[in-house]
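Step one of this worksheet: look at the structure below.
Numbers here simply count residues along the sequence, with the first being 1. Below, each value reflects all heavy atoms present in this structure, side chains not excepted, and no hydrogens, waters or symmetry copies.
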Amino acid sequence: MKFRNLLIAGATILLGFTSSAQDEPDRECKRMKFLAGEAVDRGDFAEAAEYYYKGEIECGNYVAADYERLIGSLVNAMNTAGETDEAIAGLYRDSLLLAWERQEAAGFYKEDSDFDRGINMLQVEKPNRKDADVFLRRAITTNQEKSFEGYISYAYYNQYMIYYDATPEESPALKQQLISDYFMLSNLVTKGGMSVQTQEELTGTLNYVVQSAEDLAPQIPRYIEGLPTEVEAAKSALKSMLKLMEDKGGMKTSEFEMLVDKMIDLDPTSLDALEAKALLLESKGKYGEAIGVYKKIKSLTEDDEKKQDMSYKMVYAQYKLGSYAAAYSSAMAIGGKHKGDALVIAADCVAKRANNCGASTFDRKCNYLYASQLASQAAANGASVGNRVANYKKSGPSKDDCFNEGNPGSVTLECYGVSVNPCN
């Protein structure tokens, strides 16, 4: 029997079986349950749902077990129909949601159905997102890190949609709730050993809401207080939040420093903690201290890629510190994946020192030609160099400069021991 007809039949059952129900209500009630049970045995859950629904009308006093059978049949019928006909599956879903309502009104609803009920409420044509949020939130509160991770991100996205549709008066409170719940759910993801994808989905949803670190900052103390007691889980959660604060431009805030200090408290030799400390020092312009931290990290790790990362960070810190000679020397020693970016720094260092390297104005201008060459090499190694090649070359000797110097074929740069051809 098509479920579309079942919904129509339901309206006529009240009329068609009135006299029978009055004469032999118990017999008809039992017959409907019997027929439903036979349908279950055959695996025909659509027919079982039909008879359990008729039985609910005939019996008039379904107990807990009866509702469990009705709802179980509807769930199975919905899942089966969904494989071939979403429209029919949608009708079963409508009936399932109504059955849960009747079960709750009768006092037999079990909260362990909250996840399924909330998710199904969101899959109808016009979902009641606020009501669904009640069930999903309660389910997550009950199950904590044992919650099914697919529902975690789904529930959070539903909260965002409530926020998206909210009035201007409702939005501020909902925004803070989204931020607070992000921290709570991220903690559950960490404690439950859930996938990276689930965390990324939470963060992706948060990014629709949070535009700057100012939105996050008020929640940081609470986030720290709610960290897992297990050290590795707490470190993982802190690492995620430090990255989020960094992405939102919050590296110079006191809240970022709180996160860093907590990370170091947990593990003073942690590479993650030390890197966070170095980032904090850089954000405060303390590049000299940051270099010391990068050196320490490099001495602690056996990972060659991490060593390369730290070497490049030291070059960058030296450059920001204004130690152009040291930064140049360090940059020229960098290889691997950072070679191109290191050459950019080397080129900029040469340009910064140009007016202090060379016995004559002509010699000093030749430094810019070397800077241009380094920028070209950087570009060849995949680095973004902007207009450096042309701009540095433009700052080199002009044709008139070459004529006045007798058009030298080669000039050796005293600061670097390399030669350039300024007048070719």
Side-chain angles (χ1 to χ4, degrees), residues 213 220 224 231-232 234-353 371 374-375 377-379 381-386 388 415-416:
I220 296 299
I224 293 174
V231 172
E232 290 304 316
K235 285 164 57 179
S236 177
L238 280 168
K239 186 177 179 181
S240 296
M241 184 49 58
L242 284 165
K243 179 65 167 61
L244 186 59
M245 284 289 283
E246 181 183 348
D247 291 344
K248 298 302 179 182
M251 291 176 61
K252 295 183 179 180
T253 64
S254 60
E255 288 78 15
F256 187 86
E257 187 169 0
M258 290 170 62
L259 293 167
V260 171
D261 289 343
K262 183 62 178 179
M263 178 78 90
I264 294 172
D265 285 343
L266 291 172
D267 186 355
T269 63
S270 163
L271 297 185
D272 290 335
L274 290 169
E275 285 194 64
K277 181 177 181 179
L279 286 172
L280 178 62
L281 290 169
E282 285 194 3
S283 73
K284 294 182 175 182
K286 297 180 179 180
Y287 293 101
E289 293 180 44
I291 290 171
V293 177
Y294 290 135
K295 286 181 179 178
K296 183 175 182 180
I297 295 172
K298 192 174 178 180
S299 70
L300 289 172
T301 184
E302 298 297 326
D303 186 330
D304 288 338
E305 186 171 343
K306 178 70 73 176
K307 288 179 182 288
Q308 290 178 23
D309 292 343
M310 295 306 105
S311 294
Y312 174 72
K313 286 177 180 291
M314 282 190 277
V315 169
Y316 178 78
Q318 287 174 326
Y319 174 76
K320 296 296 289 185
L321 194 61
S323 301
Y324 300 126
Y328 167 81
S329 296
S330 299
M332 295 303 290
I334 296 289
K337 65 179 182 179
H338 295 296
K339 182 176 182 179
D341 291 330
L343 285 170
V344 173
I345 293 177
D348 289 348
C349 287
V350 171
K352 291 284 188 181
R353 300 179 70 207
L374 290 172
Q377 292 174 29
N381 280 275
S384 175
V385 299
R388 285 179 174 84
C415 287
Y416 309 105

Neighbour count >12 (heavy atoms, 6.0 Å) for atom NZ, Lys307: yes

Ring pair (Phe, Tyr, Trp, His ring centres under 6.0 Å) partners for Tyr416, two or more places apart: Tyr328, Tyr370

Qualifying residues under side-chain contact (heavy atoms from CB on, under 4.5 Å), relative to Lys313, sequence neighbours excluded: Glu275, Tyr294, Met310

Donor-acceptor pair, side chain of Ser283 and main chain of Met251, under 3.5 angstrom: yes

From Leu238 atom CG to Leu266 atom CG, the distance as rounded to the nearest 0.5 Å: 6.0 Å

Residues which pass salt bridge (Lys or Arg N to Asp or Glu O under 4.0 Å) with Asp272, listed by chain and number, not counting sequence neighbours: Lys239

Carboxylate-amine/guanidinium proximity below 4.0 Å for Arg388 and Asp348: yes

Residue list, side chain to side chain donor-acceptor pair (under 3.5 Å) with Glu232, at least two apart or on another chain: Lys235

Nearest-0.5 Å distance that lies between atom CE in Met245 and atom CG in Leu279: 12.5 Å

Contacts of type salt bridge (Lys or Arg N to Asp or Glu O under 4.0 Å), residue Lys284, not counting sequence neighbours: Glu257

Shortest non-hydrogen separation from Ala375 to Ala347 and the atoms involved: N-CB, 3.9 Å

Where Ala351 and Ala371 come nearest, the two heavy atoms and their spacing: N-CB, 4.2 Å

Non-neighbouring partners of Ile264 that pass side-chain contact (heavy atoms from CB on, under 4.5 Å), sequence neighbours left out: Val260, Ala273, Lys277

Approximate separation, where rounding is to 0.5 Å, of Leu280 CG and Met263 CE: 12.5 Å

Residue pair Pro268 / Leu274: nearest heavy atoms and the distance that separates them: O-CD2, 3.9 Å

Counterpart residues, salt bridge (Lys or Arg N to Asp or Glu O under 4.0 Å), relative to Arg353 (two or more places apart): none

Test salt bridge (Lys or Arg N to Asp or Glu O under 4.0 Å) applied to Glu289 - qualifying residues, sequence neighbours left out: none

Min side-chain heavy-atom separation Ser330-Met314 under 4.5 Å: no

With sequence neighbours excluded, residues passing side chain to side chain donor-acceptor pair (under 3.5 Å) with Glu305: Lys337

Reported CD-to-CG distance for the pair Gln308 and Asp303, which is rounded to 0.5 angstrom: 9.0 Å

Residue pair Leu343 / Lys339, side-chain heavy-atom distance below 4.5 Å: yes

Under the ring pair (Phe, Tyr, Trp, His ring centres under 6.0 Å) test, residues paired with Tyr324 that sit two or more places apart: Tyr319

From OG (Ser311) to CD1 (Ile297), nearest 0.5 Å: 11.5 Å

For Ala327 against Cys349, the heavy-atom pair lying closest together: CB-SG, 3.6 Å

Reported NZ-to-CG distance for the pair Lys262 and Leu242, which is rounded to 0.5 angstrom: 13.0 Å

Partner set under side chain to side chain donor-acceptor pair (under 3.5 Å) for Asn381, not counting sequence neighbours: none

Ile334 side chain reached by Ile345 side chain, heavy atoms, under 4.5 Å: no

Under the side chain to side chain donor-acceptor pair (under 3.5 Å) test, residues paired with Lys248 that sit two or more places apart: Asn207

Test log, rule side-chain contact (heavy atoms from CB on, under 4.5 Å), inputs Lys320 and Tyr316: CA-CA 6 Å; Lys320 296 296 289 185; Tyr316 178 78; 3.6 Å; yes

Under 3.5 Å side-chain donor-acceptor pair for Asp267 and Thr269: yes

Check: Ser329 side chain, Ala326 main-chain N or O, donor-acceptor pair, under 3.5 Å: no

Residue pair Ala278 / Ala290: nearest heavy atoms and the distance that separates them: O-CB, 4.0 Å

Minimum heavy-atom distance Ala383-Val344, with the two atoms named: CB-CG2, 3.8 Å

Steps toward side-chain contact (heavy atoms from CB on, under 4.5 Å) verdict (Glu282, Tyr287): CA-CA 5 Å; Glu282 285 194 3; Tyr287 293 101; 3.8 Å; yes

